[in-house]
Amino acid sequence: MDTFLQLTASGIALGSVYAMVALGFVLVFKSTDVLNFAHGEFLMLGSFLALTFLVEWNLNIVFAIVAIAFIVAALGVALHYGIMKPLVGQPLFSVVLVTIGIAIVIRAFLLMTYGPLERGRILALPQGQLDIGNLVIPYVDIILFLVSSAAVVIFYIFFKSTTIGLQMRAVAENLEAAAAMGVSPNKVFAVSWGIGALMAGVAGVMYGNFTAVIDLNLAAIGLRAFPAAMIGGLDSVEGAILGGLIVGVSEQLAAGYFGGDFRDVVAFGLMFVVLMVRPYGFFGTKDLIRV
Amino acid sequence: MVAVTTIGVANPVLEIENVTVQFGGLKACNDVTFRINEGELFAMIGPNGAGKTTVINAITGVYSPNPGATIDFTDSGGNRHDLLGQRPHDIVSRGIARTFQNLALFDALTVLDNLMLGRYIHSDVGVLSGGVFWGKALKDELRQREVVERIIDLLEISQYRNEAVGELSYGVRKRLELGRALAQEPHLLLLDEPMAGQNLEEKQDMVRFIADVRSELGTTMLLIEHDMGVVMSIAERIVVLNFGQMIGIGTPEEIQQNPDVVSAYLGTESGV
Amino acid sequence: MQMRFKRLFLLMSVLALIAASCGGDSDDTTTTAAAGGGDTTAAPSDAVPSSPDDGVTDDTIKLGFMGDITGPTSSTQLFFEAGIRAYTEFVNDNGGVAGRNLELFSEDDQYSSDEATLNYTKLVGDERVLTVVGQGGSSIITNLTTQIQDDKIPFIGPQQTIDAQFANPYIWSTIAHYGDQADIAIEAMAGDVGGAANLVVASVGLEVASGEEWAAYIEDTAVKAGGTYAEHIRLPLTGADADPQVVRLKELVDSEGVNYIALHGSPGAALRLLGSMDKAGLDLPIGGIFAVIAENVYQEGPADLLDTYWGVHTYTPPNISTPGNDEMNAWLDANGKYADTRNNVNFVGGWVVTKLAVEGIRIAAATGTLTRASLNTAMGTISSFSTGGQSPDFDCTRDGRACGAAGRPYDYNGTEVVARGEFADYASALDLIYGLGG
């Protein structure tokens, strides 16, 4: 039982990062119909920038999060106007390949700037742990969960209650009708790319405080966003959050009970099972499967 | 029905000349030419596939006509705009609103949200301030809400205000789509078969709403409709399309006596 | 549009052909002259005939490197490649070998087997290199082993050591086999806990074939020495943390009294394990394979765990003074080269394996023919080659061509990596029995 609780606690912390990452991934897909395979690289960029801001320059972590969120969001917007916008209407596959290209460029940039050596965990958050009986929960995990939850809640309010959020939902649902309302799809696409990247960037900063190693394999977290998003429903914001938590917890449980090699198996295995029962995920739109 | 024509027959709102839209070898509409004057209810009729919706899509920038076409729009301030080559969302902001033949509502959103989206072009908050909900953005939202509430009253849909649109009946959704177009406070309203798929009572309601809108707001309208009775009773002028060709234009009386129109319609009378 | 491209392409192809044929001509003339001049300066024994099919032209000897320079394991292999490159430059600075300069052809595979197979064809088939030095990637060499035997191309000093290498008569291993590393690690662990009887060890390893090999050797060695082996815990190649593995370790500490971890992994994997142990408050000593000794682990890892963290290595980190390291550092200082890569034990690894390859070339050249075949034969005659303390003396006459079947643990004293004793201190621990991993 102790083991179970311990693994679950760790899984929730990890899952909240996945949720944040999956949310950005889903948002970009929902608004722009682009499966962004560079999403993990946005996260990795956030983690490496955190190294510069927090370890090299010793800046305040709140300032660092805001600054990095801004930088990564600006990159997302720039990518939209510079690269993705001219590709509107191109086949899905070409657009996906372009995002893979963006991923390679970001990775190469980081390799050239930061070198190939692994860096350790960022220690900008309070260290230490909370002991509840036999359960040990590091402060870092708690803060990670709180920040992710806050980011998700802020995003949710933004998405559901503001004018621009309403436009985003409109464009996501019916591009033609949104244009008939005078909504410029491009502006909304740009905002979606910006916010999607921002979520990944903030997740990257937090993840840099959580993971023991910051290296160029970090982008693999982006791969976790995929089963998380698929389980929740590729076009559902609520689904992304739930999917992220499910993947995080089940991964830690599987790795703890069956061994580390079950980590990937469980995330993707779960995805296949969910897709067999509900091809559109827990919260997804049924129509999506005809795509 | 209403003596709106006195407002000035000479003030054109929309002038269309030689509009041809071609898909591969098929001309969906060919050399369509007409003008709509301010305050007028102008109807476009013709059998299915005659190219009526294509003309609307050409006006709204969804399709680009062949070279040599003219589509000029004069807005409420008297400024003339060449609509050719403009993007759909830019054309909308000039003051042209439309409804869709097969409905293009946001099914997952509420009635209120759908109507609020109609106010988009009149909202003056930017991308960044639109992301918050206090100060200027809040004031703007309240102003837009006033307009939306008036439309809700006019169209008698207040009981559905917070329901998701996907749950509503077809008739109510048709009405809502008209409401959303009205929320845009357009200078020119393009109605693509607003009565299609409705029962008699709903059709009568819709005719009443259109008449109310004209008498209260004086909005210029282009109406596509299949129901001859409705068209003949409310339109001031009519253009008839058949296989993309214009085969007649004029007042309802003139159209009823046009031999080309009569022969084109005899073959498809049952479908009308 | 397309027509224009096609024509342009055609034009370029023709130009390229012309350039290639002209280049060929001029090459021939200049190298003949150079070889003539070379005869006067080089020792007579170096005047071996050229053999272009074996990468020996009139003025150069072609060496190949294939590995992961920019991919997921570049944090090790990049430095290895730099060390190889540095040593070829060092040799060229000092007059070359066999009357020729060394020329290194590097191919990056980013840890992809497909890419590596392509690179192998480029190096061995197209460039016709004499030997491939310091190849990286255990699954890659496993895939290529038949091919290597068919092509009869010597592979000298691959970065890893797995059982498959030992069966191949063209692969000359320099890093101590996992069996040897396990022997040394268990000896050191037993010493730390006051005798093998007190040792309860759990192995932790990356979920790759070599990780399973490591676990098998640790279990075998620990049990034979009279200690207890708990179980093997696998780490995924990448991932957020090692939290689940640490939870299991804590259980093993409680249930079986585990008091040592035998770690197989990359520096990244080590940092993950250390990070999760630190978060969970688990303080266990760790002894690991060669790859866990990396400067960045000591710089980036949690300090309180690192005082009982060490690894067995065959190569001597560059900060430890030995005649070989001193010579290397002096040359690097004098030339101001490799500032970004030189402070890394893998740099020494690359340097050392190239040193061994050059020794083989020298011996082969002395026989009058320098070919892949003669180099392979020459390698088998090296029975005691000193690298000046940068590694144990290489003895390639051993079974399985395990030239470097020795090592010693390295530790961190808070400022730099230090050796725990001499290579000879651990020589008696080696049973030289291999093959447990299958």
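First the proteins, then the strands, lettered A, B, ... as listed; each starts at 1.
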Would you say Y156(A) and E238(A) are linked by a side-chain donor-acceptor pair, where the criterion is simply a distance under 3.5 Å? yes

Can you confirm whether the side chains of Q101(B) and T53(B) place a donor and an acceptor under 3.5 Å from each other? yes

Between I91(B) and chain A, which part of the residue has a heavy atom less than 4.5 Å away: side chain, backbone, both or neither? neither

The interface call for F100(B) against chain A, heavy-atom contacts under 4.5 Å, is side chain

Name of the residue among L223(B), T220(B), L222(B) meeting side chain to side chain contact (heavy atoms under 4.5 Å, CB included) with L190(B): L222(B)

As an exercise: rank [options] by heavy-atom pairs under 4.5 Å with chain A and give me the winner.
| options | result |
| --- | --- |
| S93(B), A108(B), A97(B) | A108(B) |
| D107(B), I121(B), T60(B) | D107(B) |
| R119(B), R94(B), E177(B), R180(B) | R180(B) |

Any side chain to side chain donor-acceptor pair (under 3.5 Å) involving residues 167-180 of chain A? Give me the pairs, sequence neighbours left out, ordered by first then second residue. none

Could you note down all residue pairs passing side chain to side chain donor-acceptor pair (under 3.5 Å) where residues 66-94 of chain A supplies at least one of them, sequence neighbours left out? H80(A)-N186(A)

Counting heavy-atom pairs under 4.5 Å with chain B, which one of A170(A), A178(A), A179(A) comes out on top? A170(A)

Taking side-chain hydrogen bond (donor to acceptor under 3.5 Å, both in side chains) as the definition, give me every residue that meets it alongside D212(B), ordered by chain and number, with sequence neighbours left out. none

Using side-chain heavy atoms (C-beta onward) and a distance below 4.5 Å, is V171(A) in contact with F189(A)? yes

Test log, rule side chain to side chain contact (heavy atoms under 4.5 Å, CB included), inputs L35(A) and F25(A): CA-CA 7 Å; L35(A) 286 174; F25(A) 184 79; 4.0 Å; yes

Heavy-atom neighbours of F155(A) CZ exceed 12 at 6.0 Å: yes

Enumerate by number any residue of residues 160-170 of chain B whose heavy atoms lie under 4.5 Å from heavy atoms of chain A; in the absence of such residues, state 'none'. none

